[in-house]
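To start, the structure itself, in structure tokens.
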Amino acid sequence: MDLEIKNPTEIGLNEQALKNLDNAIQKRIDNGQIFGATVIVARGGKIGHRKAFGTASGLRESSFEDLYLTMSCAKSFTSALALHFVDRGLLSLNTFVGDIIPNFSIFGKDKITLRHLLNHTAGVHASIAPPFPYSIADLIDFDKMVTAYSTQPLVYETGSRAAYTQVASHALVGKMIELTDPKQRKFKDIAREDLFEPLEMYDTSFGLSDPNNSRRVPVAYTEKMTTPSSAVTATMLDSFANGIVPGGGGFTTIDDLFKFADAMRQQGNTGKYRLISKSLFEYASQNSTGDMVNHAWDFAENEKRGVPFPANFHLIGGYARGKGHFLTPCGSTASEKAIAGMGGGSTAWMVDPERDLTVAFLSSGFIEGLDHLHRVAEINDLALSACE
């Protein structure tokens, strides 16, 4: 894929608006919220802005070669791979999870389908902390966690509500992919061979073959953003390099995240590789949760004066813009068909097909809660403002 940087004005991007975007990112570095970041803004697949800021968790100057933990942007990778399997007839959006994963259909979970997992309406274990008797250290054990989630009862009736599921849903999606693969490959190998390599994402993987890779950006908090639980959280997230976590354990560079996002701008078909069919992509990129609220943020709604947060989940591991004014990682000014993916505290991608715009963002310096969502919305609105 051509990553040549074009003159912004030649591809319809306003240079002053891009400076405003840079200033917003730099401001967060200057005020001590983050260490650094990398960003790409492109139109029509042509990059008009690619910049690195600050440092990689305070260790060295930020670089385009830096490997970041994707956090929940990994859900987009896993979801896109599941849709690829749907197009191949290996799975269906209506496939019951229990028909694929042995011993799953107990304690009321017999109605859960692949679609419920993809749009966070299944009612499976929602917390990042594993269910008893498993420990945080078990999160990186893919098979052990699938067993753990399979033995749990429903949290709520399947399809009755939407609540963002931290790791369980996409661990189960990953296992469905693995168990239906005709070649009987491991999940990480399926992801590499059927998703990353065809999209030329050669620096992206689930887990790291060398957790001590010098390009890796460790999860860290700036002094200003540190809380009593920060050290425990950072240690847990850094452990993802040692195992397989389909819902959050991907590692990628800014260039590779852009390649994935730009494939989504092209409705899953780059011309060189058809990851998702047009008909399935058009269905999967819609708001699949109607007017449901994302109940995972109930605690934050109280802190934010009760402002509702519509779920608006699409089936590609993220959020659909849709209609209305509300907090959305797509940005308030994005067109109705814009979609985004977001990883807690540090990562995001967004495409707006009406404006032919692609944005990729990776940062070092973890920001907890809704503040990261507000930041992603701001970045995307500033990128959107650059469109002439």
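What's counted below: heavy atoms across the whole structure, side chains too, no hydrogens, waters or symmetry copies. Residue indices begin at 1 and follow the sequence shown.
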(request) Please confirm whether Arg192 makes a cation-pi placement over Phe196, using NZ or CZ under 6.0 Å from the six-membered ring centre and within 45° of the ring normal. (result) no
(request) Please say whether more than 12 non-hydrogen atoms of neighbouring residues, nucleotides or ligands are located less than 6.0 Å from CG in Asn103. (result) no
(message) Test side chain to side chain donor-acceptor pair (under 3.5 Å) on Asp22 and His49; report intermediate values, then the result.
(response) CA-CA 10 Å; Asp22 290 349; His49 193 60; 2.7 Å; yes
(request) Nearest 0.5 Å please: distance from the CD1 atom of Ile339 over to the OG atom of Ser76. (result) 8.0 Å
(message) Main chain of Tyr164, side chain of Asn294: is a donor-acceptor contact present, judged purely on distance under 3.5 Å?
(response) yes
(request) Give a yes or no on whether Val97 and Ile106 share a hydrophobic cluster (residues Ile, Leu, Val, Met, Phe, Trp, Tyr; joining criterion: side-chain heavy atoms under 4.5 Å apart). (result) no
(message) If you define the side chain from C-beta out and look only at heavy atoms, does anything of Asn380 sit under 4.5 Å from Cys330?
(response) no
(message) In the structure I gave you, are the side-chain heavy atoms of Lys186 and Glu178 within less than 4.5 Å of one another anywhere?
(response) yes
(message) Counting only heavy atoms not in Tyr273 (residues, nucleotides, ligands), do more than 12 fall under 6.0 Å from its OH?
(response) yes
(message) Would you say Leu195 ends up clustered with Tyr202 if hydrophobic residues are merged whenever their side chains have heavy atoms under 4.5 Å apart, either directly or through other cluster members?
(response) no
(message) Assigning hydrophobic clusters by single linkage (Ile, Leu, Val, Met, Phe, Trp, Tyr; side-chain heavy-atom cutoff under 4.5 Å), is Tyr156 placed with Val124?
(response) no
(request) Assess whether salt bridge (charged side-chain N to carboxylate O under 4.0 Å, His left out) is satisfied between Asp238 and Arg216, documenting all intermediate values. (result) CA-CA 10 Å; Asp238 275 332; Arg216 174 185 170 195; 3.2 Å; yes
(request) Would you check if there is a donor-acceptor pair between the side chains of Ser277 and Asp87 at a distance under 3.5 Å? (result) yes
(message) If we ignore hydrogens and angles and just use 3.5 Å, is the side chain of Asn119 paired with the main-chain N or O of Leu315 as donor and acceptor?
(response) no
(request) Would you kindly confirm whether Leu172 and Phe107 end up in one hydrophobic cluster when ILVMFWY residues are joined by side chain heavy atoms under 4.5 Å apart? (result) no
(message) Within the structure provided, determine whether Val351 and Asp262 are in side-chain contact (heavy-atom separation under 4.5 Å).
(response) no
(request) Answer yes or no: is there a side-chain heavy-atom contact under 4.5 Å between Leu90 and Pro182? (result) yes
(message) For Glu61, I'd like to know if atom CD has over 12 heavy atoms of other residues, nucleotides or ligands within 6.0 Å.
(response) no
(message) If you define the side chain from C-beta out and look only at heavy atoms, does anything of Val245 sit under 4.5 Å from Phe206?
(response) no
(request) Would you give the length of the straight line joining atom OG of Ser72 to atom CD1 of Ile128, rounded to the nearest 0.5 angstrom? (result) 8.0 Å
(request) Establish, from distance only, whether the side-chain atoms of Arg28 and Ser363 form a donor-acceptor pair under 3.5 Å. (result) no
(request) Find the distance between OG1 (Thr165) and NE2 (His125) and round it off to the nearest 0.5 Å. (result) 9.5 Å
(message) When you measure from the side chain of Lys75 to the backbone of Gly343, do you find a donor-acceptor pair of N or O atoms at a distance under 3.5 Å?
(response) no
(request) Start with the C-alpha distance between Phe85 and Arg88, add both sets of side-chain angles, then the distance that settles side chain to side chain contact (heavy atoms under 4.5 Å, CB included), and finish with yes or no. (result) CA-CA 5 Å; Phe85 268 47; Arg88 293 174 60 191; 3.7 Å; yes
(message) Taking the side chain as everything from C-beta on, heavy atoms only, tell me whether Met71 gets closer than 4.5 Å to Leu237.
(response) yes
(request) Run through Thr204, Thr70, Asp66 and flag the one making a side-chain hydrogen bond (donor to acceptor under 3.5 Å, both in side chains) with Thr252. (result) Thr204
(request) Begin from the C-alpha positions of Thr113 and Asn94 and carry the test side chain to side chain donor-acceptor pair (under 3.5 Å) through to its verdict. (result) CA-CA 5 Å; Thr113 66; Asn94 298 316; 5.2 Å; no
(message) Working to the nearest 0.5 angstrom, can you tell me the gap between Asp194 CG and His84 NE2?
(response) 4.5 Å
(request) Would you mind telling me which of Asp352, Thr358, Leu13 makes a side chain to side chain contact (heavy atoms under 4.5 Å, CB included) with Arg43? (result) Leu13
(request) Would you check, one step at a time, whether the test side chain to side chain contact (heavy atoms under 4.5 Å, CB included) holds for Thr253 with Phe64? (result) CA-CA 7 Å; Thr253 62; Phe64 300 121; over 6 Å; no
(request) Kindly indicate whether the side chain of His372, heavy atoms from C-beta on, has any atom under 4.5 Å from the side chain of Phe366. (result) no
(message) So, taking the atom named OG in Ser230 and the one named CD in Glu368, what distance separates them when rounded to the nearest 0.5 Å?
(response) 5.5 Å
(message) Do Tyr68 and Phe35 land in one hydrophobic cluster if side-chain heavy atoms of ILVMFWY residues count as linked below 4.5 Å?
(response) no
(request) Determine, using ring centers only, whether Phe96 and Phe104 are less than 6.0 Å apart. (result) no
(message) For a 4.5 angstrom cut-off between non-hydrogen side-chain atoms, does Met176 reach Asp99?
(response) no
(message) Using 0.5 Å steps for rounding, measure from the OG atom of Ser62 to the CD1 atom of Ile29.
(response) 7.0 Å
(request) Taking the six-membered ring for Trp and the full ring for Phe, Tyr or His, determine whether the centres of Phe313 and Tyr319 are under 6.0 Å apart. (result) yes
